[in-house]
Peer 1: 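This is the structure I have questions about; it appears just below.
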There are 2 protein chains.
Amino acid sequence: MRPPVNGAVRRRPSLSQLRAFAAVAEHLHFRDAATAIGMSQPALSGAVSALEETLGVTLVERTTRKVLLSPAGERLAVRARAVLAEVAALMEEAEAVRAPFTGALRLGVIPTVAPYLLPTVLNLVHERYPDLDLQVHEEQTANLLDGLTTGRLDLLLLAVPLGVPGVMELPLFDEDFVLVTPLGHELGGQEGIPREALRALRLLLLDEGHCLRDQALDICREAGRDDVPVTTTAAGLSTLVQLVAGGLGVTLLPRTAVTVETSRNPQLLTGRFAHPAPSRRVALAMRTGAARGAEYEELAAALREALRPLPVRVL
Amino acid sequence: MRPPVNGAVRRRPSLSQLRAFAAVAEHLHFRDAATAIGMSQPALSGAVSALEETLGVTLVERTTRKVLLSPAGERLAVRARAVLAEVAALMEEAEAVRAPFTGALRLGVIPTVAPYLLPTVLNLVHERYPDLDLQVHEEQTANLLDGLTTGRLDLLLLAVPLGVPGVMELPLFDEDFVLVTPLGHELGGQEGIPREALRALRLLLLDEGHCLRDQALDICREAGRDDVPVTTTAAGLSTLVQLVAGGLGVTLLPRTAVTVETSRNPQLLTGRFAHPAPSRRVALAMRTGAARGAEYEELAAALREALRPLPVRVL
DNA sequence: AGTCACTGATAACTACATTCGATCAACCCG
DNA sequence: CGGGTTGATCGAATGTAGTTATCAGTGACT
């Protein structure tokens, strides 16, 4: 009493079969799919048929003129892609073991960090990991996270916490915010400024999308300021500082940006907040389970050392 | 200027190679591993060597007397297992598509739900999915969750929310708790009992580990009762009800349990709480991304229909 | 309606990877 | 110093997976 039409011996699918199927699922066209994965069309055709045979399921509805996936095919294509992704991760990890700190590392950095930390980062990489081909992409947090999860980027350097599942943060340091004022401002150059002072100030902010803008607004809220002072905004910290120098208001600057941005402008003063000063945490972020994760952690450790000379609290 | 000792052509590992490696990683013994996956020892030996060749990494340190994984091997074994797990999931999903609602379904049920819902569940399965081999396991929530994540169980029927990552809940219904009192108790048989009444009652509870016990305690806390009345506890709801009938105190019973547990005992009365009454939500739970997930969702839908006659709020 | 271009399927053949049984060499143990 | 166990190696048989060449069905255009 065996099942009726089941003469097929159930066996294990092969990776190339899954690759073939995934390619067909993507292109919905056998010849295109075949060239895409570098094999002949008959081979691919046979591979897909063989897979359907081994799984006992029709995956692809082919009318000579059109190809589309069966409902089962839709579901199994997802699984096939998952398998192939795992295999790719394995091979990548093998490569990472074989030759750590080589090849391309696509690093995403937020604009309010990039100009001030990149010198340190680039130096470190150049000195310590000369075979690492660091490719820097400066974007805002949301874009970076999208790039990370879609695989366009490998590693991010940004402000945390992110609270995004599947993304692991490797904290680097905490840095205080300082108050940047024009020369002659009542708070100019003071120390121990209470946060509540923010309530009465005309605060200049970055454009929408910059996490620093949101952090500044949060700090204001915590200081008891409920209105949102959106009068002027600037695309970059340098511009923002120029606006402050021009007397349009004051702004908050992360500690790492202060030296670069204010030293070249004698019109500015920086004031420190009272302890505990508002601060932000800067970290590396990678996909949880990234193939080169171990390297990223080592890089984070090396980076913490390299950042020690900076006026921040290294973690 | 090509890399020095790299004559090997980098190619793609095969699934059988990964299977072989995973087996060796598990057994740390070539012959055992070979028999475990049903292939000859030389074949397995060759497969592992071939994998090392394709990956360009030494995975296994073999001294003729001992086998152990290299650090790289440890890391890559994890990846290999992940690949194989994905493949297994794919095959299982294919099987599920090919023959839905057949084969074994290992269902875990908590003790405070099992006796009252299983008749409905078994009936439904028998009528609608006769080829489904339902295997019921009655355990407490913590054990069930462990069983689910380790793969010992496929589906759970329990009280939610669980808040466990990787576990998806398919809500079935909400049911009120009722107050069970002995005959002659001041609150006996009343309706619209305020929760605050719980403060003054001698409440009997189930043993540690039953989620119903924790829910009852939560309800008490919400009602403003801070002390934990742990005087007597019982291993099952039936026992608990007997204790109530014996005048030892009162207890909370989920609505689905009331008919069964109180009808056979004329010594008891049940009282309803004022709206909104304390309640619990009962749901199915499965691993996120379970191969037969679509079937479980359909089963949940069918179950909701089948439960409609019961005095609960079906979702 | 006929033809053409393009689709995926098939056939025949080849190459090579996988597997097996048999055997070998190293090692631990008594 | 054997005896037994370990993993590695060998050579042959098998089966898989790939190739090129060709076929057969379909829709579009004239």
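Proteins get letters first, then strands, A, B, ... in listed order; numbering begins at 1 in each.
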Peer 1: Look at the side chain of B/Ser40 and decide which nucleotide, out of C/dA9, D/dG18, C/dG21, has an atom nearest to it.
Peer 2: C/dG21
Peer 1: If you check every side-chain atom of B/Met39, which of C/dC20, C/dT23, C/dT7 has the closest atom?
Peer 2: C/dC20
Peer 1: Counting only side-chain heavy atoms from C-beta out, which of C/dG8, C/dA9, C/dC20 sits nearest to A/Val67?
Peer 2: C/dG8
Peer 1: Mind calculating the distance between CG (A/Leu68) and P (C/dT7) to the nearest angstrom?
Peer 2: 16 Å
Peer 1: When the distance from CZ of B/Phe30 to P of C/dC20 is rounded to whole Å, what number comes out?
Peer 2: 15 Å
Peer 1: Testing A/Glu93, A/Arg98, A/Met91 one by one against A/Glu95 for a side-chain contact (heavy atoms from CB on, under 4.5 Å), which residue passes?
Peer 2: A/Arg98
Peer 1: Between B/Ala43 and B/Asp32, which is nearer to the 5' end of DNA chain D once each is assigned its nearest nucleotide?
Peer 2: B/Asp32
Peer 1: For B/Arg31 and C/dG21, what is the distance between atoms CZ and C1' respectively, to the nearest whole Å?
Peer 2: 12 Å
Peer 1: Nearest-Å distance, CD (B/Gln41) to P (D/dT6)?
Peer 2: 10 Å
Peer 1: Specify the separation, in whole Å, of atom CG of A/Leu44 and atom C1' of D/dA17.
Peer 2: 12 Å
Peer 1: Between the side chain of B/Glu169 and the main-chain N/O of B/Pro161, is any donor-acceptor distance below 3.5 Å?
Peer 2: no
Peer 1: Looking only at side-chain atoms of A/Pro42, point me to the closest of C/dG8, D/dA21, D/dG18.
Peer 2: D/dA21
Peer 1: Let me confirm one number: the CG-CD distance from B/Leu68 to B/Glu61, rounded to the nearest 0.5 Å.
Peer 2: 6.0 Å
Peer 1: Which nucleotide in the set C/dT19, D/dG7, C/dG8 lies at the smallest distance from any side-chain heavy atom of B/His29?
Peer 2: D/dG7
Peer 1: Whole-Å distance between D/dA8 P and B/Leu59 CG?
Peer 2: 12 Å
Peer 1: Looking for any heavy atom pair under 4.0 Å, which part of the strands does B/Glu61 touch: base, sugar-phosphate only, or nothing?
Peer 2: nothing
Peer 1: Answer yes when B/Arg287 and B/Glu92 have at least one side-chain N-carboxylate O distance shorter than 4.0 Å, and no when they do not.
Peer 2: no
Peer 1: Mind calculating the distance between CZ (B/Arg62) and P (C/dA25) to the nearest angstrom?
Peer 2: 19 Å
Peer 1: Just call it for A/Ser49: base, sugar-phosphate, or nothing, with non-hydrogen atoms closer than 4.0 Å on any strand.
Peer 2: nothing
Peer 1: On a heavy-atom basis, which atom in A/Ala23 and which in A/Ile37 lie closest, and how many Å separate them?
Peer 2: CB-CG2, 3.6 Å
Peer 1: Which of the following nucleotides, C/dG8, D/dA17, D/dG18, is nearest to the side chain of A/Ser45?
Peer 2: C/dG8
Peer 1: Rounded to the nearest Å, what distance is computed from the NE2 atom of residue A/His27 to the C1' atom of nucleotide C/dT7?
Peer 2: 16 Å
